[in-house]
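Presented below is the structure to which this report refers.
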Amino acid sequence: MEHIFKMAITITLFLLILIYLLPDDLLPDEIQMRRYDVLRNSQRKSPHIVFILADDLGWNDVGFHEGSEIKTPFMDELASSGVRLDNYYVQPVCSPSRASIMTGLYTSHNGINRYIHPTEPTCLPLHLPTIADSLRQNGYATHLVGKWHLGMSRNNCLPLNRGFDSFFGIYGGSGDYYTHRVHRNAPSGEFSIEGYDFRDNERVARELSGQYATNLYGNRALEIIEQHANNTIQKPLFLFLSMQTPHCPIQAPDGERFLAPYGGIQKERRRLYAAMVSSMDEAIGNVTRALDMHGMRNNTVIIFSSDNGGIYKQGGNNKPLRGEKHQVYEGGIKAVAFVNSPLLSSTVNGTSYLGLLGAADWHSTLVEGIVGGKMTTNQTDGHNMWNAIRLGEPSPRSEYLFSVGGDCAWTPKIPFKTQDPNNVPTMYGSIRKGPWKLIIGDPKQLDLQSKQVYLRNADAVSLFNIHVDPYEQSNVLADHQDVFEDLLNRLKFHCRTHVNYSPKKWDRNSDPRLRDGVYGPWL
């Protein structure tokens, strides 16, 4: 009997060692999941997370998308050896996308449903925990490098009070890449503001004037990685590298090194834009090499995303998708994204994941999926997508909300016909469900509706089958009234819980010239 017991132990140990040593592609998905969970739980620390967010990067502005003229070899390598997220959505402008990433909520629930102007006395609602709050609670060192753009009117709105241990970058949404100065007119046209916007934690970093922003962000990221690797108190790292690139103003780095490869591009703005993207790509390559050099890469998850689509007049390109930034057409909200990590199953490396996911999913995915920790809130619109990304499993998500508002009780006459003066929508919104996408309102300005817009625009109510028509050329509303009713009901469901924490107010006291010429809190 003892002999049989010893033999059983020996066989069990042999099988466990075999499972550990075999490559992922020879193991069933369930065993891969269990092996990952065992390894994660046995490690002294959770995986490092480097989240890189580009600003206004177009769908056709990376080398790994066919037809692009922009060279991005470092991003290409990460995408080709990781998982491309080719059915991934964000919001059509910057602040809302960042708010969804930070909170795990649709903009209809976090209140940031348009970009935050620097004259506005508002910010990401203070009662909502951020992804940095959750990761810090789970033992992470948290660092933000680059652009914040979630409000700066009060001290408690700022990154160091929203879960980040350190901050290096700009509070606002844009600025000169060299001088770091910003001049903005209040949307009301009544006044303008101007000042310097660059901080090292809370300190105004005036000495950085004249240095190119992308280089500054990349170099600080390298410093954080090196300091983290040499720190005797070992915590896992969360680095949120929120690039300003390639948001306007369109300013290439000094010298010909990044411009020279694009001499064949005729339009100067596109040529400068391409150089900006290449400089960001080099910074990303430097970050990955630093992770390798310091022995951190084997336990790191790298996530890359754009915050919205590009703008054609600024040099961006979203072809073959329709539309651009500020629009809920695919070119404005379908973002370039990928995940790269040794923790991915080898069966998904080099693949394109087509399951539906979006910016609101990152909070749950990072905290519950990658870390195996607990959220600091139960209020979420996100899903834990880690096994979907890591193993290629079906997405747990069936729909994604882009925008909603207005009269939640609007009940149109069916069959619904566009441009009918007796059937004018009193609500607006956009939602994706399965292959279908519904847009109610002007796709270029969903929060500014009027009867006149509706009556002169045949696309003011549109239904697209994205699987069949990914470029949104055919409005099939007339032929699919049942789908229209279903998606309208989903919009109305979300509309009932819609909140808006960002009233349109422009405060003259926001002017940096009242505070030594520096952007920052004034309330």
Side-chain angles (χ1 to χ4, degrees), residues 55 93-99 101-103 107 110-130 132-133 142-209 213 216-217 220 240 242 244 247-249 307 447 499-523:
D55 198 353
V93 288
C94 34
S95 295
S97 291
R98 294 160 197 278
I101 291 170
M102 285 290 160
T103 64
T107 58
N110 65 40
I112 308 299
N113 48 31
R114 56 188 175 78
Y115 79 94
I116 297 177
H117 195 274
T119 62
E120 287 188 88
T122 190
C123 67
L124 185 70
L126 299 175
H127 70 278
L128 297 177
T130 68
D133 287 319
T142 57
H143 303 276
L144 170 56
V145 175
K147 172 177 169 176
W148 173 236
H149 205 192
L150 287 172
M152 58 173 145
S153 58
R154 302 177 186 273
N155 274 310
N156 51 6
C157 295
L158 303 178
L160 295 181
N161 295 311
R162 303 310 304 265
F164 288 99
D165 297 329
S166 77
F167 171 68
F168 180 83
I170 61 174
Y171 286 154
S174 64
D176 189 285
Y177 281 76
Y178 289 99
T179 67
H180 316 304
R181 296 191 63 81
V182 186
H183 177 94
R184 296 295 300 273
N185 294 318
S188 64
E190 298 173 359
F191 63 95
S192 65
I193 62 175
E194 184 175 350
Y196 186 82
D197 186 11
F198 210 107
R199 303 271 181 153
D200 187 345
N201 291 316
E202 294 181 342
R203 183 180 66 82
V204 179
R206 293 185 184 275
E207 74 281 3
L208 301 179
S209 179
L216 290 172
Y217 300 147
R220 177 51 63 96
F240 191 65
S242 180
Q244 192 177 334
H247 193 290
C248 64
D307 64 347
D447 62 341
V499 294
N500 187 351
Y501 291 104
S502 54
K504 294 181 178 179
K505 298 179 181 178
W506 327 118
D507 190 345
R508 291 178 181 272
N509 293 320
S510 62
D511 193 343
R513 289 171 290 198
L514 301 175
R515 295 176 307 282
D516 200 26
V518 176
Y519 278 90
W522 68 89
L523 296 177

I'd like to know whether Arg199 forms a side chain to side chain contact (heavy atoms under 4.5 Å, CB included) with Tyr171, so could you lay out the CA-CA distance, the side-chain angles of the two residues, the decisive distance to 0.1 Å, and finally the verdict. CA-CA 8 Å; Arg199 303 271 181 153; Tyr171 286 154; 3.5 Å; yes
Side chain to side chain contact (heavy atoms under 4.5 Å, CB included) between Arg98 and Ile112, intermediate numbers included: CA-CA 9 Å; Arg98 294 160 197 278; Ile112 308 299; over 6 Å; no
Side chain to side chain contact (heavy atoms under 4.5 Å, CB included) for His180 and Asp197? Distances and angles first, verdict last. CA-CA 6 Å; His180 316 304; Asp197 186 11; 5.8 Å; no
Give the C-alpha distance, both sets of side-chain angles, the deciding distance and a yes or no for side chain to side chain contact (heavy atoms under 4.5 Å, CB included) between Trp522 and Asp511. CA-CA 9 Å; Trp522 68 89; Asp511 193 343; over 6 Å; no
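Remark: the backbone N or O of Phe167 is paired with a side-chain donor or acceptor of Asn201 at under 3.5 angstrom. For the pair Asp165 (side chain) and Thr142 (backbone), a donor-acceptor distance under 3.5 Å is present. A donor-acceptor pair is defined here as one N or O able to donate and one able to accept, closer than 3.5 Å; no such pair exists between the side chain of Asn156 and the backbone of Leu126. A distance-only check finds no donor-acceptor pair linking the side chain of Tyr115 to the backbone of His149 [under 3.5 Å]. The main-chain N or O of Ala213 is never found under 3.5 Å from a side-chain atom of Gln244 such that the two would form a donor-acceptor pair. In this structure a side-chain-to-backbone donor-acceptor pair under 3.5 Å is present from Arg162 to Leu124. Judged by distance alone, the side chain of Asp176 and the main-chain N or O of Thr179 form a donor-acceptor pair under 3.5 Å. A donor-acceptor contact shorter than 3.5 Å is absent between the side chain of Thr119 and the backbone of Trp506. Judged purely by atom type and a 3.5 angstrom limit, Lys147 has no side-chain atom pairing as donor or acceptor with the backbone of Ser242. In this structure, the side chain of His117 engages the main chain of Asn185 through a donor-acceptor pair within 3.5 Å.
Nearest heavy atom pair, residue Val204 against residue Glu207, reads O-OE1, 4.4 Å. For the pair Thr107 and Asn113, the tightest heavy-atom approach, listed with the atom from each and the gap, is CB-CA, 4.0 Å. The shortest non-hydrogen separation linking Arg508 to Phe191 is NH1-CB, 3.3 Å. Summarising the geometry of Pro249 relative to Gly175, their closest heavy-atom pair is CD-O, 3.4 Å, with the distance given to 0.1 Å. When all heavy atoms are compared, the tightest approach of Asn110 to Thr103 is ND2-OG1, 3.5 Å. In this structure, Leu150 and Ser95 approach most closely via the heavy-atom pair CD2-O, 3.6 Å.
For the atom pair Ser153 OG and Asn509 CG, the distance stands at 11.5 Å (nearest 0.5 Å).
Side chains of Met152 and Cys123 form no contact here, defined as non-hydrogen atoms less than 4.5 Å apart. Within the 4.5 Å cutoff, no side-chain heavy atoms of Phe198 are placed close to those of Tyr519. For the pair Leu144/Ser166, no side-chain contact is recorded, criterion being any heavy-atom separation below 4.5 Å from C-beta on. Using a 4.5 Å heavy-atom threshold, the side chains of His143 and Pro159 count as separate. Looking only at side-chain heavy atoms (C-beta outward), Ile193 and Pro118 come within less than 4.5 Å of each other.
With 3.5 Å as the limit, one finds no donor-acceptor pair spanning the side chains of Ser510 and Asp507. No side-chain donor-acceptor contact under 3.5 Å links Ser174 and His247.
Figure legend: Arg181 and Tyr196 shown without cation-pi pairing, the cationic atom not lying both under 6.0 angstrom from the six-membered ring centre and within 45 degrees of its axis.
When the options Arg184, Arg114, Arg154 are evaluated for a salt bridge (charged side-chain N to carboxylate O under 4.0 Å, His left out) with Glu120, the one that passes is Arg114.
Shown here is Glu202, whose CD atom has no more than 12 heavy atoms of other residues, nucleotides or ligands within 6.0 Å.
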